[in-house]
There are 2 protein chains.
Amino acid sequence: MSRNSAGLSRQRIVEEALRIIDGQGLRRLTMRRLGDALEVEAMAVYHHFPLGKEQLFDAIVEYVTDATPRRPAEVDDDEEELVEEPAEEPPPPWDARIGRWAHEYRARLLRHAGALPLLIHRRPDTPAALRSREDHVAAFREAGLSGPAVADAAAALESYVFGAALTQVRSESPHGAAEPETLERLFQRAGDAATDFDSRFLAGLDALILGHTGVRPAHTAAPA
Amino acid sequence: MSRNSAGLSRQRIVEEALRIIDGQGLRRLTMRRLGDALEVEAMAVYHHFPLGKEQLFDAIVEYVTDATPRRPAEVDDDEEELVEEPAEEPPPPWDARIGRWAHEYRARLLRHAGALPLLIHRRPDTPAALRSREDHVAAFREAGLSGPAVADAAAALESYVFGAALTQVRSESPHGAAEPETLERLFQRAGDAATDFDSRFLAGLDALILGHTGVRPAHTAAPA
DNA sequence: ACCTGAACACCGTTCAAGT
DNA sequence: ACCTGAACACCGTTCAAGT
């Protein structure tokens, strides 16, 4: 932290970039504007992301996708260190684990809606994502599935959660062609009562699990 | 078609733009490059899209999203004209209609994978999209649903199809963080046989319909 | 190691002008 | 009506230089 060090770090840069994206939109995220927000010359960012904006985008996607909050006091480090996990409680039932993941992942996607276009052309192969998928496989096995049905169910789960978040963002977007009637109004005309996004997401999640396992889940509601 | 008219039209511009997107990626779609591909100065595009690139993007999204092929011989026109539909065959069963739409929509999204980031922040309120949704509502009613469950099922269907296509594109993308293990390999380790994307999509679609309606659909397979 | 400042090629868009 | 050509503000990135 000498005088001419602006205290930049990859994490601080990513968080400031996300603040710009969430506040002004992805197209307004500019290296120069990012530098301004960090109170630094734009070119300073290149010292932390030598491959430029594309590498910054990769880091943003990883940040949005992965739940893992970093310990803030530590120096930024590229290597994954194994951390001892002292907790030894019995894991929740399989449907609770799936429900919990679904709500958390959806919330993360919705919180950074402006960054979602970046996700589409980047592999979701982060360690955290793979750990989640391993747990989905285990959960559907506990639900009684076996063989290819396990992978089918896990893939469908991920597709649904991802698609539901993106569909919601889409329908809330300002842009659009000439709009004679909106999706919501069509649904209101069709159904009796309108359902809000949260309830609809849960209804679809439960139906999906029921369709794959034959069991109507009982522990998938969002936490209070 | 006088000598100094290059024969430009909104449709021709959109199709050329999509060719660039599909071939080189969205980031390489540039007004100047687009002009080159059309053998015209870049600024000629602004005569057909006075609001600039954003309006061009809107048109691209509409083109990708809507199935409706335009009659090629007609002059480009903004107004929707009512066309008499002489066909009077009985409509297919509800599950066949849903399956047909799901496969077609997915195919359109996969065909123009490079343009998908544009979809996320644009309302899906085109006339064709609304017509599809009306038919989904009708189909789920025919399957026995009523009340809010109808809208829940229709919304879940759209979320799943959209999410499955995007998830596939994502997993096929070159980009990514350090990749110790890919999703496919994880699934292969978990399940016995690997399922390809098409079969997995159909399995998830059937399970979703089963979960919402209680009926395992029999007519959702892709056409040969 | 970390940041600055000038420079370069390229971009979206405006505007006056041509036909 | 349809397209051109020059111009302007802005962008991502390189590179040599500072400390």
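Per chain, numbering begins at 1; letters A, B, ... match sequence-line order.
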May I have the distance from [X] (atom [atom1]) to [N] (atom [atom2]), rounded to whole angstrom?
X       : N      : atom1 : atom2 : result
B/Arg10 : D/dC3  : CZ    : C1'   : 17 Å
B/His47 : C/dA17 : NE2   : C1'   : 14 Å
A/Phe49 : D/dT14 : CZ    : P     : 16 Å
B/Leu56 : C/dC11 : CG    : P     : 15 Å

message = Just to verify, what does B/Arg33 make a salt bridge (charged side-chain N to carboxylate O under 4.0 Å, His left out) with, not counting sequence neighbours?
response = none
note = The salt bridge (charged side-chain N to carboxylate O under 4.0 Å, His left out) partners of A/Arg19 (sequence neighbours excluded) come to A/Glu16
task = Whenever both distances are under 3.5 Å in a Watson-Crick or G-U wobble pair, mark it; put DNA chain D into dot-bracket that way, with [ ] for crossing pairs and | when the partner is on another strand.
result = ||.|||||...|||||.||
ask   = Between A/Leu29 and A/Lys53, what is the shortest heavy-atom contact and its length?
value = O-NZ, 2.8 Å
task = Could you pull out the closest heavy-atom pair between B/Ala164 and B/Phe201, with the gap in Å?
result = CB-CD1, 3.7 Å
message = Less than 4.0 angstrom between a side-chain N/O of A/His48 and OP1 or OP2 of C/dA1, yes or no?
response = no
ask   = Counting just side-chain N and O atoms, does A/Arg33 come under 4.0 Å of either OP1 or OP2 of D/dC10?
value = no
Using a cut-off of under 3.5 Å, enumerate the N/O to N/O pairs linking the protein to nucleotides 4-9 of chain C.
| unit_1 | atom_1 | unit_2 | atom_2 | d |
| --- | --- | --- | --- | --- |
| C/dT4 | OP2 | A/Glu41 | N | 2.6 |

Between the main-chain N or O of [Y] and the side-chain N or O of [X], is there a donor-acceptor pair closer than 3.5 Å?
X        : Y        : value
B/Arg28  : B/Ile20  : no
B/Arg12  : B/Gly7   : yes
A/His103 : A/Thr220 : yes

query = In residues 23-31 of chain B, which ones come under 4.0 Å of DNA chain C, going by heavy atoms?
reply = B/Leu29, B/Thr30, B/Met31
request  = Find out whether A/Tyr160 and A/Ile209 are in side-chain contact, i.e. whether some heavy atom of one side chain is under 4.5 Å from a heavy atom of the other.
outcome  = no
query = For B/Arg27 and A/Glu54, what are the C-alpha separation, side-chain angles and deciding distance, and is it a salt bridge (Lys or Arg N to Asp or Glu O under 4.0 Å)?
reply = CA-CA 11 Å; B/Arg27 301 208 35 237; A/Glu54 212 65 20; 3.2 Å; yes
Side chain of B/Lys53 - closest among C/dC3, D/dC3, C/dG12 = C/dG12
request  = Only pairs at least two apart or in different chains count here, so list each salt bridge (charged side-chain N to carboxylate O under 4.0 Å, His left out) that has a residue in residues 97-109 of chain B.
outcome  = B/Arg97-B/Asp135, B/Arg97-B/Glu142, B/Arg100-B/Glu104, B/Arg106-B/Asp198
note = Only one of B/Asp58, B/Leu56, B/Thr65, B/Val61 passes side chain to side chain contact (heavy atoms under 4.5 Å, CB included) with B/Leu118, and that residue is B/Val61
